[in-house]
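The structure appears right after this line, and notes come after that.
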Amino acid sequence: MENTPAANFLQTIVAQDLAQGRVAQVVTRFPPEPNGYLHIGHAKSISVNFGLAETFGGRCNLRFDDTNPEKESQEFIEAIQQDVRWLGYTWDGEVRFASAYFQQLYNWAVYLVEQGHAYVCDLTAEQAREYRGTLTEPGSNSPFRDRPVQENLDLLAGMKAGDFDEGEKVLRAKIDMAAPNMNLRDPILYRIRKVSHHQTGNDWVIYPTYDFAHGQEDAIEAVTHSICTLEFEDHRPLYDWFIEHLPLTSRPHQYEFGGLNLSYTITSKRKLKQLVDEGVVSGWDDPRMPTVSGMRRRGYTPAAIRKFCDMIGTTRGEGVVDVAMLEFAIREDLNENAPRAMCVLDPLKLVLTDYPQGQVEELTVPAHPSREELGQRIVPFTRELYIDRDDFREAANKKYKRLVLGKRVRLRNGYVIEADEVVKDDQDNILAVHAHTIPNTVGNDPEDGIKPKGVIHWVSATEGVQATVRVYDRLFNQESPGVGDGDFMKQINPESLHVVEQAWIEPSLARAVPEQNFQFEREGYFVADRYDYNAEKPVFNKTIGLRDTWNN
RNA sequence: UGGGGCGUCGCCAAGCGGCAAGGCACUGGGUUUUGAUCCCAGCAUUCGCAGGUUCGAAUCCUGCCGCCCCAGCCA
């Protein structure tokens with residue numbers, strides 16, 4: 001398919017601004033708050049912001065919007081940077097911090113007070129809520145609204161100096177308590193928080209709110225297009241209000257797009273944090289998490305994630321994207337690029353009674369069925385093998401294309417064999433299958449013209465290596481976890497992780513590198529675990545199964 | 001019942017007055033030493049609904065209906 005996707009609405013805006021000379025170069029920014037790990041929804045935002053800069057030859061900053069020290073930490077700052085880099089993006093210059101602008105922001109607050117546009121308010125949080133009115137009723141003015149400028153200046157200085165307790169006073173903009181847009185009802189600019197900040201230590205006891213900080217941060221960095229999600233749309237008039245009332249030299253504009261919702265997935269930092277805190281998953285980078293680091297560990301590739309973001313488009317709609325699209329994106333990438341190998345997850349012993357004991361035939365097989373340049377690998381073939389329990393039946397109908405007693409099957413890249421007898425214990429459990437090879441069938445069809453109906457994968461029981469394979473499934477059973485009736489914590493899929501300790505892998509897989517992706521033929525895509533894999537104890541994570549159109 | 005948004009195939013999404021792109025999913029068929037990949041074909045006489053304007057409307061107008069966001073000293 002010729003990929004010339006139509007321009008999305010943001011690209012249209014930027015192209016126009018550039019064409020009309022409104023801006024000389026597009027400058028965007030990705031502004032996470034360091035209070036959690038990045039998830040797939042952030043990946044879309046990253047793709048939108050960095051992508052816009054990339055497309056139009058501009059720049060994109062990485063800026064930590066760290067105005068609320070209580071929830072933030074250095075750990076998140078580091079993880080976020082690593083994730084952005086891993087996704088393949090390079091931010092312009094150094095990492096930025098909102099906290100680096102605290103003094104400037106404070107100076108602007110003083111300016112607003114001097115201009116009569118802001119005042120110190122003594123209302124408690126509860127009182128402020130009452131004065132704010134409701135969605136349908138206007139609010140009423142705070143009794144402190146008309147304090148003289150000098151008094152406000154003194155009080156603000158006192159707030160900064162630590163003269164007051166948390167919650168005792170706030171600085172508010174003087175706008176309009178009757179505004180239909182709640183954000184304009186004298187919004188809070190500064191609140192007192194006597195906690196140390198991960199970047200500024202104990203320099204400050206007052207911290208600016210998002211509304212008072214974000215637009216000005218953009219202006220300081222000369223951001224031209226400040227892109228955020230739909231829920232901030234109501235904040236735009238306030239964003240503009242600050243920019244118009246402050247002595248700024250740069251004029252950023254805010255644009256909103258619909259954030260990503262994914263079926264069977266949670267994209268809420270708060271809820272993801274709960275999964276981590278309550279031990280439902282092993283951490284933010286658990287392979288079942290929709291975090292960037294979780295997907296990385298699961299075996300997703302940056303290319304697949306970026307492709308996915310391109311596929312879903314950027315609009316002002318807020319729908320739910322089918323997780324099948326994400327799965328398509330990773331399968332597409334891995335099908336093209338992952339080397340093939342064989343791994344038996346549920347071993348059943350297969351003895352080739354006509355094959356010499358102790359003989360090892362080193363089969364040279366391609367690493368990829370259609371990409372010769374990916375090279376070859378050696379797979380040892382021996383008398384005793386393992387095949388998957390699911391690939392053998394004593395009897396079956398013609399739809400079953402695997403090994404059946406008295407019938408033939410092709411051992412992938414090896415011989416065609418014919419099953420002769422089944423060995424059982426006294427409980428009727430199948431212990432092993434005895435079979436014999438059809439001569440001269442490596443690379444050839446049987447000379448008698450009787451072709452096998454199917455192909456199954458296998459690993460030498462004597463030359464193969466044992467491995468641990470972690471088989472993952474979706475974390476939630478509900479298509480929209482937590483909506484409607486549901487508590488998302490009660491919709492967790494109990495089968496989301498199945499650890500296979502006794503899998504058998506072909507020897508070449510014991511020489512993999514952490515984070516190397518493979519297709520285990522007929523099973524799916526797997527990755528050598530980023531942390532736990534080593535040659536002595538190989539550990540693989542299942543990324544995603546092969547597409548399976550065989551319903552039975 | 002205040003304000004701000006959004007409604008095109010099961011999902012995502014083009015389209016912006018000239019007669020419904022594309023992708024995912026799904027369904028047939030072909031190739032195949034992965035029931036994978038690949039290939040080919042099918043899949044909205046209709047654009048939330050109802051009126052109106054026009055030779056002509058998903059696109060313009062009017063009125064309804066539905067869904068989402070906002071009453072944190074979170075972002």
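To find a chain, count down the sequence lines: A is the first, B the second, and so on, and within it residues start at 1. What you see below is based on every heavy atom in this structure, not just the backbone, and it leaves out hydrogens, waters and symmetry mates.
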Answer with base, sugar-phosphate or nothing: what part of the nucleic acid does A:V442 contact at a heavy-atom distance below 4.0 Å? base

Got a sec? Which of residues 261-272 of chain A come in under 4.0 Å of RNA chain B, heavy atoms? none

Give me, pair by pair, the N or O atoms of the protein and of nucleotides 70-72 of chain B that are less than 3.5 Å apart, along with how far apart they are.
{"residue": "B:A71", "atom": "O2'", "partner": "A:R132", "partner atom": "NE", "Å": "3.4"}
{"residue": "B:G72", "atom": "OP2", "partner": "A:R132", "partner atom": "NH2", "Å": "3.1"}

P atom, B:A50 versus B:C65: distance in rounded Å? 15 Å

Looking only at B:C24, B:G35, B:A75, the nucleotide nearest the A:R191 side chain is B:A75

With both distances under 3.5 angstrom, what nucleotide forms a Watson-Crick or G-U wobble pair with B:U45? none

Identify the nucleotide, in any strand shown, that forms a Watson-Crick or G-U wobble pair with B:C38, with both distances under 3.5 Å; if there is none, say none. B:G30

Rounding to an integer number of Å, can you tell me how far A:F526 CZ sits from B:A36 P? 17 Å

Heavy atoms of other groups near A:K160 NZ, more than 12 under 6.0 Å: yes

Strictly below 4.0 Å, N to O, side chains only: are A:D390 and A:R522 in salt-bridge contact? no

Can you confirm if the NZ or CZ of A:R193 lies within 45° of the ring axis of A:Y207 and under 6.0 Å from the centre of its six-membered ring? no

Tell me if a side-chain donor or acceptor on A:S99 pairs with a main-chain N or O of A:D66 at a distance below 3.5 Å. no

Nearest-Å distance for atom pair CG/C1', residues A:D310 and B:A14: 15 Å

Which whole-number value in Å describes the distance from A:F9 CZ to B:A13 P? 11 Å

Gap between atoms CZ and P, on A:F520 and B:G35 respectively (whole Å): 17 Å

What nucleic acid atoms does A:V320 come within less than 4.0 Å of, heavy atoms only: base, sugar-phosphate, or nothing? sugar-phosphate

Rounded to whole Å, please give me the gap between OH in A:Y400 and P in B:G35. 12 Å

Give A:R185 one of three labels, base, sugar-phosphate or nothing, depending on what nucleic acid heavy atoms sit under 4.0 Å from its own. nothing

Interatomic distance at C1', B:G5 relative to B:C9, whole Å: 24 Å

For A:T67, answer base if it contacts any base atom (sugar-phosphate contacts may also be present), sugar-phosphate if it contacts only those atoms, and nothing otherwise; contact means non-hydrogen atoms under 4.0 Å. sugar-phosphate

Below 3.5 Å, does any donor atom in the side chain of A:E523 face an acceptor in the base of B:U34, or the other way round? no

A:Y210 and A:H214: aromatic ring centres closer than 6.0 Å? yes

Taking B:C6 as the reference, what is the distance to B:A14 when you measure between their P atoms (whole Å, please)? 13 Å

Classify the nucleic acid contact of A:R331 as base, sugar-phosphate or nothing, counting any heavy atom under 4.0 Å across all strands shown. nothing

Of the options B:U34, B:G10, B:A75, whose atoms approach the side-chain atoms of A:D65 most closely? B:A75

Any chance you could measure A:E233, atom CD, to A:C228, atom SG, to the nearest 0.5 Å? 8.5 Å

So among A:R410, A:K407, A:R408, which one has a salt bridge (Lys or Arg N to Asp or Glu O under 4.0 Å) with A:E418? A:R408

Name of the residue among A:F76, A:Y101, A:F97 meeting ring pair (Phe, Tyr, Trp, His ring centres under 6.0 Å) with A:F64: A:F97

Determine the minimum heavy-atom distance between A:P481 and A:Y264, stating which atoms define it. CG-C, 4.0 Å

Tell me which nucleotide, if any, is Watson-Crick or G-U wobble paired with B:C16 when both distances must be under 3.5 Å. none

Using the purine O4'-C1'-N9-C4 or pyrimidine O4'-C1'-N1-C2 torsion, is B:G48 syn (within 90° of 0) or anti? anti

Could you check whether A:G167 gets within reach of a base, just the sugar-phosphate, or nothing at all, counting any heavy atom under 4.0 Å? base

A:F144 and A:Y119: aromatic ring centres closer than 6.0 Å? no

Pair A:K307 + A:E332: basic N to acidic O under 4.0 Å: yes

Quick one: is B:G35 close enough that its OP1 or OP2 comes under 4.0 Å of any side-chain N or O from A:T549? no

Could you tell me how far apart A:D186 (CG) and B:C73 (P) are, to the nearest whole angstrom? 12 Å

Side-chain N or O of A:R316 versus OP1/OP2 of B:C6: is the shortest distance under 4.0 Å? yes

Remember a base hit wins even if backbone is also touched, and classify A:F328 as base, sugar-phosphate or nothing at under 4.0 Å, heavy atoms. sugar-phosphate

Per the side-chain contact (heavy atoms from CB on, under 4.5 Å) rule, which among A:T441, A:I387, A:L411, A:L385 passes with A:I417? A:L411

Report the residue (A:Y525 or A:K169) whose heavy-atom-nearest nucleotide on RNA chain B is the more 5′ of the two. A:Y525

Hey, which of these two, A:D322 or A:I456, hits RNA chain B nearer its 5' end, going by closest nucleotide? A:D322

Across all strands, who's sitting opposite B:G7 as a Watson-Crick or G-U wobble pair, both distances under 3.5 Å? B:C65

Could you check whether A:N413 gets within reach of a base, just the sugar-phosphate, or nothing at all, counting any heavy atom under 4.0 Å? base

Separation of B:C24 C1' from A:I330 CD1 (nearest whole Å): 16 Å

Suppose you measure atom P in B:G18 against the same atom in B:G3; what distance do you get, rounded to whole Å? 34 Å

Pairwise P distance for B:C73 and B:U62, with rounding to whole Å: 37 Å

In terms of side-chain geometry, is the basic nitrogen of A:R236 or A:E256 positioned less than 4.0 Å from the acidic oxygen of its partner? yes

Just call it for A:G524: base, sugar-phosphate, or nothing, with non-hydrogen atoms closer than 4.0 Å on any strand. nothing

Applying a 4.0 Å non-hydrogen cut-off, can you work out what A:F232 is touching in the nucleic acid: base, sugar-phosphate, or nothing? base

Regarding A:L363, tell me which of base, sugar-phosphate or nothing describes its non-hydrogen contacts under 4.0 Å with the strands shown. nothing

Rounded distance in Å - CG (A:N517) to P (B:A36): 22 Å

Base, sugar-phosphate, or nothing for A:M325, non-hydrogen atoms under 4.0 angstrom? base

Considering only B:C12, B:C24, B:C73, which nucleotide approaches the side chain of A:R193 most closely? B:C73

To the side chain of A:N335, which of B:U37, B:A75, B:A14 is closest? B:U37

Across the strands shown, which category fits A:R547 at heavy-atom distances under 4.0 angstrom: base, sugar-phosphate, nothing? sugar-phosphate

With a 4.0 Å cut-off on heavy atoms, is A:T441 in touch with a base, just the backbone sugar-phosphate, or nothing at all? base

Is a donor-acceptor contact shorter than 3.5 angstrom present between the side chain of A:R340 and the base of B:U34? yes

